[in-house]
Structures are given as C-alpha cells and as structure tokens.
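Take a look at the structure set out below.
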Amino acid sequence: MSRLVFVSTELAPYTPGAVGRVMLNMLRALDEADRMRTTLVMVDAAVDAMAFKAAFPHVELVEVDTRAPQARFTDSRHHPPASAYSNTLWHWRSACVFRALAELSKSGPIDYLEFPDLGGLAFCTLQECRLQGFLPDAIVAVRLHGSHTALLHAEARPLAIADLNLSDLERKCLRDCDYVIASSLAVSEAVRDIFDFPAQEWEPRVLCHVPFDGMSLVTDTVPASSGQAVVFASEFQRSGRPDLFVRGVVGLMRNCPQYTGTMTLDARSTDEAYRAQIERLVPPTLVERAVFLAHAEQQVFDALAANATVVFPGTFEAAATAALNVSLQGGRVILNKANPAFGEGTPWLDGINCLTFDGTPTGLVEVLERNFVRNEKLVPVRHPESPWPWLNAAKRKRAWRALGEQLPLVSVVVPHYNLGGYLPATLENLIGQNYGNIEILVVDDASTDAQSVFGIEELARSADPRIKVIRLAANVGLAGARNVGVRHATGPYVLTLDADDLIHPRFLEVGVAALENNAEFDILVTPAGYFIDGDVPPVVGTVVTPCRDYAMFSGEAVVAGLLENRFSTATALFRRSAMERFPYLESLSCYEDWSLFMRMCDAGLRFIVTTDAFFFYRKRRNSMVHTPRDLARRRIEYSDLLRTSAPASLRQKSRQLLVGLGSAVAGNQSEAVDDSVVAPPRMEPTAEELISGLFGSGGQYDEQIVFASLKASRWLERNAPWIIRGGVLAARWTWQAYRFVRRK
C-alpha cells in the first residue's frame, strides 16, 4: 500500500504555531483508510508518542532529531557533517529529512509527500528527486503556511546572512516542487509576488485546499457583550501585529466606558523582550485589564476564544487556520482585510461571518466599537470544500531513464598554469571515473616552470585519445583558458576542473544522468570538500574519506548570492549550450566563477544541487584563492564583479548602492590570509561580518562602548552639567596652549 507522508516541525497541541494547527486539522480530517497509510515525520519537535498514538492509532509517527548524530549511508555516498552547513542550519535539517525519507521509502512506495514552506525542509529531497530519481512514484508538494521569506517581507527583523541563505532554500523548494498547496488563490498570488515567480511557471502548479471536516461545530457565533474578552490569537511576532491589537483595544476602552472586558493575548513561544515591548503599550490605568498568557494550554486558550471577540490584525498569514478554527467554534472574528488570507477572493465576508478593518489602529477601534455597539449576528465561515491534493493532482514526473550504452560525451576542461606537480594526479582521477565517455582538454596557459613545461610536452605526446592538449602562446588568465577549453569542447556536457583538484569517481555518472532526465535544468553543482596540500587526498580510487572542511551551496542563490558565492564552486557540470551562452568574463581578475553563476541565475537558468560532496578542493599556499590581497584590491575585485555581473535590475536602478556595497563588503576582510592555518578557503565577506567588524567588540563603532558613552553623557547632562561645561572649557584651554607652544 502506497503511503501519504507529511513532514512538519509543529503539531498542536504539543507545539505552538500555525503549522501545528494545520497538521492537527489534516490528521483529524483524514478518513480511516487514509489514516491507515499516513506517516507523520516530525522534525526537531517533542511529541508525546503515547498521547499521539491514542489520538491517531493508525498514523505512523517518525521523529527526526537533527541535533543528534546522524547515521551515515553505508554505500559510497559522501554526506558532509552538520558542521559543514555554514550557510544555514535549515539546509542541514533538510539533509536529515532526506535521510529519514530514504530509510522510510525502503519499506514501501510513497504516493504523496508534503512539506511546509517554512525552512526549506524539502530542499535536499527535491534535489535528490532530480538527481537520481528518488521517490519516482511520489507527488511532492509544498504547503504555504508562512515562510521565513514571507515574514521578512511582512515585518522588521535584524537580518543576518543566514536569513538570505534560508530565503534562497525556500524559493528553490517552491520552484522545484510538483505542486504548491495554498489556502486560496489570493494567498497564492501574494506568495508568488514575494518570490517574483513568473505567472506561467507558478499558476499551473497551484492547488487550493484547506484541511477541515466541512462541518461547523456551531450554527451561530456568540453575541458581543460589554464584559466579553477581546482576544489576540495570531502568532505573537511582529507580522502578527500584537502592537496594533493593543492600540486598538486601548482605544475601545477609552472611547467606550461601558465596555468592561479584558484584552487577552496568546503570548506563548515568544521572546520576553518583545513581549515586554508590547506590554509597555498598555497605559498604567488599564494594566489590570490586560492579560498576557505565556503558558496557557492550547485547549484552555481555544475554550476562551470560542466565547470571545477574537482579533487577527496580522499583515500576512498563509493558512488562516487559527481564524477558521475560532469561527467554527463560535467565536466572533475580526480580521485585517489588508491581509491576503482575509481579503477579496477568500470566504471571509464582512458582516456575514466576520468583521473587517483597514489595518490601521483607528480602523480597529472603529470596528471594535461597531462590534460591541451594533452586536451584528454572525455565522461560522463556510470554506469551500476541495478534494485532497493527492486526489486532485496529476503526476508530473516522467519515468526515470537510466543511462544506456551510448553515453553522451563529457568534455572536461582543465586549465593549467605552472601546476606540473599536481596535474598527473588530477588526470589520473579523471581517467578513473566510472563514466566511460570523456574527453580531457588540458589548456596550458603558457606555463613557465620547467616541471610544468616538461609535463605538458610529455602529455602532448600521449597516446591516450581521451587527452587533448591546447598550448597557448601567451598567458590569458584562468577565465580565458577556460573559455578556450569550452570552444574546443565537442561534447554536449562540460565539466570545469582546475589542474590541482579532484572529483568523486561517480560525479560524471550521476551528473549526466540527472541532466539527461531533467531537460529544463542546465547546471549541476556539488558541495566542496577541502583538503590540505600534503594530506592524503580524500578520494583515492573508489574510497572516499572525510575532508578537513566543506562549503555548501544552494545553486540558485538569488538573494544571498549578491553578498557571498553560494551558487557553486568553479567545478560544476554544465550543458555546453549554457557555457557558450555565458562565457567567463576575461576582464575580471578574480571571482570569474562567481560572476558566471550570478549571470546564469539572473537569466533564469536552473541548477540541481547534490547532497553528497562530489568535488574536492586542494588548499595550497600559493593558490589564487589564498594569495593575500590588500584592501584596495579587494574593493576593486568585488565592485568589478557587481559592475559586470549583478542582476540587471540592480545595475540599472541602484548603481550607487552597488558601489557602496562593493566597498563595504570587500573592505571587511583586509587582513592577509595565513596559509599556515589549517582551514578551508573563506567564503567572500558577508554583510553580517561587516556589521560585526564595525560594531562588534573592538570595532570602530563598538556598540557596547558607544552605548555606555551615550548613557554616561546623558546622565551627566541631567545630574552634573557643570562637569560637561568644565570639560569643554578644559579642552579649549588645552587646544589654545598647544597652539601657543607650536608658534614658539
């Protein structure tokens, strides 16, 4: 029997949050036959297994703890450890979920697999589906609950580079999945606008579905009364707008003395500092009428909401499950109509099943007064019924085709300049590939040292028909040498590999199969494993050992890719047509691979990203990446990258921003790299590092020092102004004395 599998980080009542409410509704709404074949995969969430079994006796529960050591695959796969995921830990979590699903799939086929949009948990699974035909019978869907990216658009948050990397993961999951599940077309369109997906790519994959049993628990909502509580039931975060709620209810209490009820806020799972900030909005005269429930059980809060007026003032919600539940239980619902989940095209109708306001504090005060003065009769919302996604979705995948005997030719371009001591090992590594149809184009960029010149001459006399040597009369640089190699390539696929690096023996076999089965994708990228020159290489024949460190990539790094290269290393497998369309920019003295991927991504080319590390980078003292560069050179290199390769919208509209960004980000790393330190090559400096460099401990604007100085000066202004005046006079006298001495 094929399975229905749902992946989640929340489940009511064990965890707070909108995702958990949706999951609870899903499990309750399933009929007995579907429950018998359902598996819930819970990620990093504590669930009472006994209580779960009692509530859903036929549903299998699989718990994944990504903080615990993960069992490694026993075959030749090379998965990086948790410490490798420096871009965002959500990438690691997605890898752990993939491993759990791989084990689960061994016990039977999966018919339908659903992920939440939050966190990009589907990332590795979707890439493996493209990479190796993983879960060939499954429809893989992503349900819109409210992604991290949507929250970044809906509220002010302190941004870190990890937020940008997470946004790229979430975007790629929504782009690569078979179907997107939305509560309404209005919500779907709002999310499409946030991620800037083309309508023709997005709309055919959208299915509308809200999980509930279709029956209201009551026939009418409770009437409004002067002593009735007004309740805030959205997520207690900035996008949920608890500040707007408090301002509106305070206005009601001041304008309507006859109203004697309380304002009650669901303040579970929030940081104390933000809760304190909201509490300060309550005037001292009304503090006793404000209740912040930080530890209430879900059942207690639901019972309270069912007999109250419940306000949902948030600016964005994807599922609107909390409002749906309150209405079905008889609570009076007030909604922000600026929220796409409650606006036009949704089942919420003002004066029929809810009251709506315009999203302003004044508007909320007016609708609260209307609620308690006019006491309009409301009925529970009637959400249109829709079939389950697995019944309404057509299978979109083609059957996975294994490579036949006629393998497409892969042209491996190996630029070489004075690396004669390393080139033989790289060529041996290529010849030992499992893939049998390759040509190796060694482009010698006018090498000068004796060992390299002799090695190239010997190689030119080689009888191996797979090896072709192209000798350049003048040094054209790395980008130029690669372009020459691509122009001489005859295969439909091109792999770029520097003369001192190595690849996994299965890289070409896996990569060609993936691109052959996914005609809409053009590039296959892989995590990089780093090893130190002089160490035993991590790949010898078919044996692969752990690396010193790793670099992780998201392929289509639409957001983070502007600040750091999370697209790929220089080594990737391309369709030759893509490389002919986007040659390396030979005017760049650095970052030519970053430039290439940035331009490809901006043009809409699609990337497949492996979970395994298939590329191994040799860290040596004199490599181009690790040659110390002063601050001025870094600024030139980075601003040149942005000048030539940044997305067209930025180049056209924000030239001044690009100049400033190039100076700031490049200037954040002015120290020379110590090659004696055993560490992988650093990614390019990030905005987060820049901020910490300026405002962190010892920085030019050390925030603790600045804060302490301001606090001390303001205290002196209030309590001892004579000290400040005396200090100013002393400074003037000192300056005059100094000038007098200088004149002498």
Side-chain angles (χ1 to χ4, degrees), residues 3-30 34-68 89-90 93-94 96-97 100-101 104 113-119 121-122 143-148 151 181 210-213 217 231-237 240 264-272 275 292-306 310 317-326 328-329:
R3 280 196 175 102
L4 306 175
V5 179
F6 302 93
V7 178
S8 181
T9 56
E10 300 173 4
L11 177 64
Y14 311 106
T15 63
V19 177
R21 291 176 181 237
V22 174
M23 286 311 309
L24 182 63
N25 283 8
M26 287 265 260
L27 296 178
R28 284 176 172 172
L30 290 171
D34 279 339
R35 285 189 191 177
M36 294 283 289
R37 63 189 189 115
T38 293
T39 299
L40 176 62
V41 178
M42 290 296 299
V43 183
D44 292 338
V47 174
D48 186 330
M50 295 297 292
F52 180 87
K53 185 175 181 180
F56 306 104
H58 301 300
V59 177
E60 179 184 13
L61 175 65
V62 174
E63 297 184 81
V64 177
D65 184 355
T66 68
R67 296 154 294 192
L89 280 177
W90 284 100
R93 292 186 180 107
S94 77
C96 294
V97 170
L101 293 172
L104 189 63
L113 173 60
E114 183 177 296
F115 290 89
D117 57 345
L118 175 63
L121 286 175
R143 185 178 291 268
L144 303 180
H145 294 278
S147 64
H148 187 73
L151 290 181
I181 313 301
V210 176
F212 76 115
D213 58 13
L217 303 179
V231 175
F232 172 86
S234 294
E235 297 277 349
F236 201 102
Q237 54 194 15
T264 303
L265 294 92
D266 181 1
R268 294 173 297 164
S269 184
T270 185
D271 65 273
E272 294 183 2
R275 189 174 72 218
F292 289 79
L293 298 177
H295 306 290
E297 295 290 336
Q298 184 67 53
Q299 296 89 334
V300 174
F301 190 84
D302 288 346
L304 170 67
V310 185
E317 284 190 57
T321 307
L324 174 66
N325 287 351
V326 169
L328 293 178
Q329 292 171 3

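Quick note: residue numbers are just sequence positions, from 1.
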Worksheet item: Once you round to the nearest 0.5 Å, how far does CG of D117 lie from CG of L144?
Response: 5.0 Å
Discussion item. Any heavy-atom pair between the side chains of M26 and T321 that's under 4.5 Å?
Written reply: no
Worksheet item: Parallel, tilted or perpendicular for F236 and F232, by the 30°/60° rule?
Response: perpendicular
Worksheet item: Can you find a heavy atom in the side chain of V59 that is under 4.5 Å from one in the side chain of F6?
Response: no
Worksheet item: Under a 4.5 Å cut-off applied to non-hydrogen side-chain atoms, are S8 and H145 in contact?
Response: no
Discussion item. Using a 3.5 Å distance criterion without hydrogens, assess whether the side chain of R3 forms a donor-acceptor pair with backbone atoms of L104.
Written reply: yes
Discussion item. So if I apply the side-chain contact (heavy atoms from CB on, under 4.5 Å) rule between R21 and each of T15, D302, L11, which one comes out positive?
Written reply: D302
Discussion item. Would you say E60 and T39 are linked by a side-chain donor-acceptor pair, where the criterion is simply a distance under 3.5 Å?
Written reply: yes
Practice prompt. Measure across V310 and A305 and return the closest heavy-atom pair with its distance rounded to 0.1 Å.
Written response: CG2-O, 3.5 Å
Worksheet, complete the sentence: Nearest heavy-atom approach of L101 to F115 is CD1-CZ, 3.8 Å
Worksheet item: Roughly how far, to the nearest 0.5 Å, is CG of D48 from CE of M50?
Response: 8.0 Å
Worksheet item: Does V19 offer a backbone N or O that forms a donor-acceptor pair with the side chain of E10 under 3.5 Å?
Response: yes
Worksheet item: Is there a side-chain contact between L30 and F56, using heavy atoms and a 4.5 Å cut-off?
Response: no
Discussion item. Please give me the minimum heavy-atom distance between L24 and A12, naming the atom from each residue.
Written reply: CD1-O, 3.5 Å
Worksheet item: So, for M42 and L61, which heavy atoms are closest and what is the spacing to 0.1 Å?
Response: CG-CD1, 3.6 Å
Worksheet item: For the atom pair CD (E114) and CG (L4), what is the distance rounded to the nearest 0.5 Å?
Response: 10.0 Å
Discussion item. Ignoring hydrogens, what is the shortest heavy-atom contact between V22 and P211? Give both atom names and the distance.
Written reply: CG1-CG, 3.9 Å
Discussion item. Using every non-hydrogen atom in the two residues, find where D34 and T38 come nearest and quote the distance to one decimal.
Written reply: O-OG1, 2.6 Å
Worksheet item: Which distance, rounded to the nearest 0.5 Å, do you find between the CZ of F292 and the OG1 of T264?
Response: 9.5 Å
Worksheet item: Do the non-hydrogen side-chain atoms of V7 and L113 ever get within less than 4.5 Å of each other?
Response: yes
Discussion item. Quick check on side-chain contact (heavy atoms from CB on, under 4.5 Å): which of V47, V5, L27 does L40 satisfy it with?
Written reply: L27
Worksheet item: Any side-chain heavy atom of L89 within less than 4.5 Å of one from T66?
Response: no
Discussion item. Rounded to the nearest 0.5 Å, what separates atom CG in L265 from atom CG in L293?
Written reply: 8.0 Å
